[in-house]
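Data block below; observations after.
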Amino acid sequence: MNVLVCIKRVPATGGHIALTPDGQNIDTRYLGFTISPHEECAVEEAVRLIEKHGGSSTVLTLGPEVATEQLRDAMALGMDRAVLLETDGREWDPVATTDAIVAAIERDRAAGRDYDLLLFGNESADSAGYQVGVRVAAALDLPCVTGIKALEIREGKAAVRRQTESGWETSEVTVPAVLTVKEGINLPRYPSLPGRLKAKKKEIERSRPQWVDGGLEKVRLSLPVQAAHTVEMLGQNGDVGPQVVELFRRLRLL
Amino acid sequence: MVLGFIEHVGGAPTSLSLELLTMARRLAQRMGVPLEALVIGGSGASASGILASYGVSVVHVADDERLSAYAPAAWAHTMVQLVEAAHPAVVIGTGSDRGAEVMAHVAARLRLPLAANCTEVIPGNPFLVTRQRWGGSLLEEARLKGAVKLLTVAPHAVTVEADATATDIEVETKRPSLEDKDFRVTVVPQVEADTGKVSLAQARVVVGGGRGVGSAEGFQALEELASLLGGAVGCSRAVTSLGWRPHADQVGQTGMRIAPDLYIACGISGAIQHMVGCRAAKHILAINTDKEAPIVAQADYAVIGDVKAVVTAVTSEIRRLKPS
């Protein structure tokens, strides 16, 4: 089978987010970058599917040239082929992103590469639009299940499970299909050193899609206002038992 | 007209749907247009009484027994037909998994932009929204274009308020014209056996552990404390990545969002991805060796010290006072 995974490069934020002075972006001067978490699990899922069923896996991202770092990370985990849809660094909204991804899938199809499964993250960590996978499915007239946390391929069908507040729900869909993945579907492996070395040498296919105005335009970013509050220090180390129990009583938990 | 997509359980709108109605009514009043609602799935019409008290003047009920099971594309096609017939200016869904999924299908079918997880909407030209990024750690002000404005409401961003001047409501039942293709994905609920354990989502007290717990075995002390308080154990993403706890225990942006009375954060640094999952807690107690850790500044109470020593001291004190 052929599996496509679409990923996004996002900053690895720590204890707080800082913005650039113009309020247009996160200040990433002191931050590393990573594959958005749900998508990292989609990559792991694709690698496991190919290990089990045979075939080929492709990882695709829309982003600046430096996003090749995340494509190589995905190849180090076992993805076979990588595609970069290179942007000039400006923001692409969900409609524009969808158009570029659909065009790339159609180019692959014209070249004889059809995908059985197209995997996305349920939502990206940074812009969190919750829609690109669904839009790609609609454009290609494929069925789509979002937010899956378990996947099994049997007899040309994808059996999936998703978690709800009160339990689980199941669905079964004929492939080809689009599935959007949530973290927890698997525990991604660490890349091996030989995997990293192999990924370094692999070629990345590149193209430059045309930006379109998709209709959702960022004006500025801001940080939510935090209510001022004070921290009550209860004590240090092992002699705090009575103070903490007193707190539990105050909060009527004991 | 402003149209709200209402989710319900047996005719009772979900709490997120009531938040949606509160925001949608204020928006409709500001625009000087009526508020209407779409209800899909069995016994939807019985929601009309509650919807009227939130200011809905017309409730559209989709009548097709195939819609009683959740089928995202079919539900979206039903919404699209209503949009094409009734021409709402704005369509609003909730930010629940289903709300987000149905609205994404609607946006895809209509090829219109969709703004997810909005906290504020300012109608006019341009039509402005404020929406959450990074699970709410960052806000984006954006212009939303399109002939119909599509958006979802961020969960828990609006305080529910009924309409003081609510009047009569009209119920319009219509049979949508759906194709077999719309039912390629149908979702079946799976009933879980009750394990008798307090669930992370419902617990009044959650004892969360981070890398500072030291090992998978280190969680035993946290389990013990949680059990003495009738609570549940959670963890940070670092802990699930290390394989110390299952992902189902993870609190944060890509795990559970919890709202207990007390969250006890043990050996957790307080990265924003984690805080997104626990900021709805009424109180936070941080136990950490590092008094400069971001979690300490965001907590209401703090103990500086080794997780194991502190948690053991607390459990022994509880035991001393309440011998079992």
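We name chains A, B, ... by the order of the sequence lines, and we start the count at 1 in each one. These numbers come from a predicted model, not from an experiment.
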Exercise for review: Check each atom of R189(A) against the heavy atoms of chain B and say whether the ones under 4.5 Å are side chain, backbone, both or neither.
Suggested key: neither

Review point. What orientation do H274(B) and Y263(B) show, parallel under 30°, tilted 30 to 60°, or perpendicular over 60°?
Key: tilted

Review point. Where on N186(A) is there a heavy atom nearer than 4.5 Å to chain B: the side chain, the backbone, both, or neither?
Key: neither

Practice item. Against chain A, label F127(B) side chain, backbone, both or neither, depending on which of its atoms sit under 4.5 Å from a heavy atom there. Key: neither

Check your understanding: Going through the checks in order, is the salt bridge (charged side-chain N to carboxylate O under 4.0 Å, His left out) test met by E140(B) and R133(B)?
Key -> CA-CA 7 Å; E140(B) 172 192 5; R133(B) 290 186 171 216; 3.0 Å; yes

Check your understanding: Does any heavy atom of chain B fall under 4.5 Å from the side chain of I26(A), the backbone, both, or neither of them?
Key -> side chain

Study note, to complete from the structure: Assert top hit (heavy-atom pairs under 4.5 Å, partner chain B, pool D213(A), I185(A), T180(A)) equals D213(A)

Review point. Between the main-chain N or O of N25(A) and the side-chain N or O of T20(A), is there a donor-acceptor pair closer than 3.5 Å?
Key: yes

Exercise for review: Check whether E91(A) gets within reach of chain B through its side chain, its backbone, both or neither, counting any heavy atom under 4.5 Å.
Suggested key: side chain

**Study point:** Separation between OG of S269(B) and CD1 of I295(B), rounded to the nearest 0.5 Å
**Key:** 7.5 Å

Practice item. Check whether L251(A) gets within reach of chain B through its side chain, its backbone, both or neither, counting any heavy atom under 4.5 Å. Key: both

Practice item. Flag the one option from I318(B), L139(B), T186(B), V185(B) with the top tally of heavy-atom pairs under 4.5 Å to chain A. Key: L139(B)

Practice item. Please state whether the side chain, the backbone, both or neither of K182(A) comes within less than 4.5 Å of a heavy atom of chain B. Key: side chain

Practice item. Answer yes or no: is there a donor N or O on one side and an acceptor on the other, between the side chain of K291(B) and the main chain of V296(B), under 3.5 Å? Key: no

Check your understanding: Pick from D93(A), I17(A), L223(A), V160(A): which one has the most heavy-atom pairs with chain B under 4.5 Å?
Key -> I17(A)

**Study point:** For chain B, the option from M233(A), H229(A), E123(A) that forms the most heavy-atom pairs under 4.5 Å
**Key:** H229(A)

Review point. C235(B) and R245(B): which non-hydrogen atoms are nearest, and at how many Å?
Key: SG-CB, 3.8 Å

Point to revise | Which portion of L221(A) sits near chain B, non-hydrogen atoms under 4.5 angstrom | key: both

Review point. For the candidates D306(B), L229(B), T130(B), which exhibits the highest count of non-hydrogen atom pairs separated by less than 4.5 Å from chain A?
Key: L229(B)

Exercise for review: Counting only heavy atoms closer than 4.5 Å, note whether A73(B) contacts chain A via side chain, backbone, both or neither.
Suggested key: neither

Study note, to complete from the structure: If one checks every heavy atom of V205(B) against chain A at 4.5 Å, the contacting part turns out to be side chain

Review point. CG of L118(A) to CD1 of I105(A): how many Å apart, nearest 0.5 Å?
Key: 4.5 Å

Study note, to complete from the structure: CZ of R196(A) to CG of D73(A), rounded to nearest 0.5 Å, is 5.0 Å

Check your understanding: For V307(B), is it the side chain, the backbone, both or neither that has a heavy atom under 4.5 Å from a heavy atom of chain A?
Key -> neither

Practice item. Establish, from distance only, whether the side-chain atoms of T152(B) and R131(B) form a donor-acceptor pair under 3.5 Å. Key: no

Check your understanding: Of all of D141(A), V132(A), V136(A), which one pairs up most often with chain B through heavy atoms under 4.5 Å apart?
Key -> D141(A)

Exercise for review: Examine distances only and state if a side-chain atom of D300(B) and a backbone atom of I284(B) form a donor-acceptor pair shorter than 3.5 Å.
Suggested key: yes

Check your understanding: Where the side chain of T28(A) meets the backbone of L31(A), is there a donor-acceptor pair that is under 3.5 Å apart?
Key -> no

**Study point:** Derivation of the side-chain hydrogen bond (donor to acceptor under 3.5 Å, both in side chains) call for K8(A) and S127(A)
**Key:** CA-CA 10 Å; K8(A) 187 172 184 186; S127(A) 53; 2.9 Å; yes

**Study point:** Distance-only polar pair, side chains of Q70(A) and E39(A), donor-acceptor under 3.5 Å
**Key:** no

Review point. In terms of heavy-atom pairs under 4.5 Å with chain A, which of G135(B), A76(B), S137(B) leads?
Key: S137(B)

Exercise for review: Using non-hydrogen atoms and a 4.5 Å limit, figure out which bit of N122(A) sits close to chain B: side chain, backbone, both or neither.
Suggested key: neither

Exercise for review: With a 4.5 angstrom heavy-atom cut-off, could you sort out which part of K308(B) is near chain A: side chain, backbone, both or neither?
Suggested key: neither

Review point. Relative to chain B, which segment of E40(A) carries a heavy atom at a distance below 4.5 Å: side chain, backbone, both, or neither?
Key: side chain

Study note, to complete from the structure: Closest non-hydrogen contact found for A297(B) with V231(A) is O-CG2, 3.8 Å

Practice item. Tell me, for H105(B) versus chain A, whether the close heavy atoms (under 4.5 Å) come from the side chain, the backbone, both or neither. Key: both

Check your understanding: Highest number of heavy-atom pairs under 4.5 Å with chain A: which of V129(B), L144(B), V311(B), T119(B)?
Key -> L144(B)

Study note, to complete from the structure: Checked C144(A), A138(A), A177(A) vs chain B; the most non-hydrogen pairs under 4.5 Å come from C144(A)

**Study point:** Polar side chain donor-acceptor pair, T13(A) to Q273(B), under 3.5 angstrom
**Key:** yes

Exercise for review: Identify which part of I287(B) has an atom lying under 4.5 Å from any heavy atom of chain A, answering side chain, backbone, both or neither.
Suggested key: neither

Review point. Is there a donor-acceptor pair closer than 3.5 Å between any side-chain N or O of D99(A) and the backbone N or O of A96(A)?
Key: no

Review point. Is a donor on one side and an acceptor on the other found under 3.5 Å between the side chain of R184(B) and the backbone of T174(A)?
Key: no

Practice item. Determine the option with the most heavy-atom pairs under 4.5 angstrom with chain B, choosing from Q163(A), R252(A), R161(A). Key: R161(A)

**Study point:** Most chain A-contacting option - heavy-atom pairs closer than 4.5 Å, from R109(B), R111(B), Q132(B), Q250(B)
**Key:** R111(B)

Check your understanding: Checking L225(B) against chain A: side chain, backbone, both or neither under 4.5 Å from a heavy atom?
Key -> side chain

Study note, to complete from the structure: Pair count under 4.5 Å, heavy atoms only, with chain A: among L321(B), V314(B), I264(B), highest is V314(B)

Check your understanding: Which value, rounded to the nearest 0.5 Å, describes the distance between L247(A) atom CG and L254(A) atom CG?
Key -> 9.5 Å

**Study point:** chain A contact via P294(B) - side chain, backbone, both or neither, heavy atoms under 4.5 Å
**Key:** side chain

Check your understanding: T240(B) versus chain A, heavy atoms under 4.5 Å apart: side chain, backbone, both or neither?
Key -> backbone

Revision key, fill the gap. The interface call for Q226(A) against chain B, heavy-atom contacts under 4.5 Å, is neither

